[in-house]
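Along the sequence shown, residues are numbered consecutively beginning with 1. What you see is a predicted model; the values in this text were computed from it and never measured.
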Amino acid sequence: MKRIGGLFDSIHTASALSAAAYRAAKGKRERSEVAGFIDSLPERVAHVGSQLREGSYRFGSYQSFPIRDPKTRIIHAPSFQDRVVHHAIIAATGETFDRGAIHRSYACRAGLGQHSALNRAAQHVAHAECFLKVDIAKYYDSVDHDLLRRALQRRFRERRLLDLLDRLLDSYHSRPGRG
């Protein structure tokens, strides 16, 4: 695949960050952190955009909490501001990632999701005598950051974007170099 460039400048603009803030706020506007960010949107977007352009933006720590759906998992949630930056990154890079995804991948893809996945699984089950259910325990905690960095370098050529993605990877780990 050809390495892609020219995406970084579409992450830090006021319009990109504002749109990302509204996407990140969907269904969460009553939360004080979200309301505070949205109430001072022009100032917050200008500040974050400036830090992104200068290369000084640092992702913060994550809030950890358990959920049960049906098994218990630990969720690590970023701050709302970091979530806004995540949305801006995905808005700029998502199409590139989507082109590289297998067509049967449903998670976090526009127009796809759990309902599409369930419908496709139902089609397969209707024609199958058996099936295999697989759950890789703590999969995301096992992701090797160095391998992921090399994969990102094969996909993107812009140093500023790669540096931002490096800082994002460095913002969380389950153990050194992984997670």
Backbone of [Y] reached by a side-chain donor or acceptor of [X] within 3.5 Å:
{"X": "Glu158", "Y": "Gly5", "value": "no"}
{"X": "Ser50", "Y": "Ala46", "value": "no"}
{"X": "Ser142", "Y": "Tyr139", "value": "yes"}
{"X": "Glu33", "Y": "Phe80", "value": "yes"}
{"X": "Arg3", "Y": "Phe156", "value": "yes"}
{"X": "Asp141", "Y": "Gly179", "value": "no"}

With a 4.5 Å cut-off on side-chain heavy-atom distances among I, L, V, M, F, W and Y, is there a chain of contacts connecting [X] to [Y]?
{"X": "Val48", "Y": "Leu168", "value": "yes"}
{"X": "Ile89", "Y": "Phe97", "value": "yes"}
{"X": "Leu17", "Y": "Tyr22", "value": "yes"}
{"X": "Val143", "Y": "Val134", "value": "yes"}
{"X": "Leu148", "Y": "Leu162", "value": "yes"}

Near [X] [atom1], under 6.0 Å, is it more than 12 heavy atoms from other residues, nucleotides or ligands?
{"X": "His115", "atom1": "NE2", "result": "no"}
{"X": "Gln153", "atom1": "CD", "result": "yes"}
{"X": "Lys138", "atom1": "NZ", "result": "no"}

Is the distance between the ring centroids of Tyr172 and Tyr140 under 6.0 Å?
-> no
How about [X] and [Y]: do any of their side-chain heavy atoms sit closer than 4.5 Å?
{"X": "Ile4", "Y": "Arg157", "value": "no"}
{"X": "Ile74", "Y": "His76", "value": "yes"}
{"X": "Leu41", "Y": "Asp39", "value": "no"}
{"X": "Thr93", "Y": "Leu161", "value": "yes"}
{"X": "Pro66", "Y": "Ile75", "value": "no"}

Leu7 and Thr96: side chain to side chain contact (heavy atoms under 4.5 Å, CB included), yes or no, with the steps?
-> CA-CA 10 Å; Leu7 300 177; Thr96 303; 4.2 Å; yes
Arg68 vs Thr72, side chain to side chain donor-acceptor pair (under 3.5 Å): CA-CA, chis, key distance, verdict | CA-CA 4 Å; Arg68 186 167 173 83; Thr72 301; 3.2 Å; yes
Can you name the closest pair of heavy atoms from [X] and [Y] and give their distance?
{"X": "Ile11", "Y": "Ala16", "result": "O-CB, 3.8 Å"}
{"X": "Ser40", "Y": "Gly36", "result": "OG-O, 3.0 Å"}
{"X": "Arg23", "Y": "Ala91", "result": "NH2-CB, 3.4 Å"}
{"X": "Pro78", "Y": "Arg83", "result": "O-NH2, 2.8 Å"}

Check step by step if side chain to side chain contact (heavy atoms under 4.5 Å, CB included) holds for Gln81 and Arg44.
-> CA-CA 9 Å; Gln81 178 175 289; Arg44 299 295 290 268; 3.4 Å; yes
Spatial distance of atom CD (Gln114) from atom CG (Asn119) [nearest 0.5 Å] | 10.5 Å
Is there a salt bridge (Lys or Arg N to Asp or Glu O under 4.0 Å) between Asp9 and Arg160 once you walk through the steps?
-> CA-CA 9 Å; Asp9 287 333; Arg160 293 185 306 166; 2.7 Å; yes
Check step by step if salt bridge (Lys or Arg N to Asp or Glu O under 4.0 Å) holds for Arg149 and Asp166.
-> CA-CA 7 Å; Arg149 280 186 173 91; Asp166 280 347; 2.8 Å; yes
Please step through side chain to side chain contact (heavy atoms under 4.5 Å, CB included) for the pair His12 and Phe8, ending with a clear verdict.
-> CA-CA 7 Å; His12 61 75; Phe8 182 79; 3.5 Å; yes
Decide, yes or no, whether a salt bridge links Asp163 with Arg167 under the criterion of side-chain N to carboxylate O below 4.0 Å.
-> no
Short N-O contact, Asp146 and Arg150, less than 4.0 angstrom =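 Salt bridge: no.
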Worked check of side chain to side chain contact (heavy atoms under 4.5 Å, CB included) between His173 and Arg178 = CA-CA 5 Å; His173 61 270; Arg178 296 201 178 260; 6.0 Å; no
Between Phe59 and Tyr57, what is the ring plane arrangement, given parallel below 30°, perpendicular above 60°, and tilted in between?
-> perpendicular
Is there a donor in the side chain of Ser79 and an acceptor in the side chain of Tyr62, or the other way round, less than 3.5 Å apart?
-> no
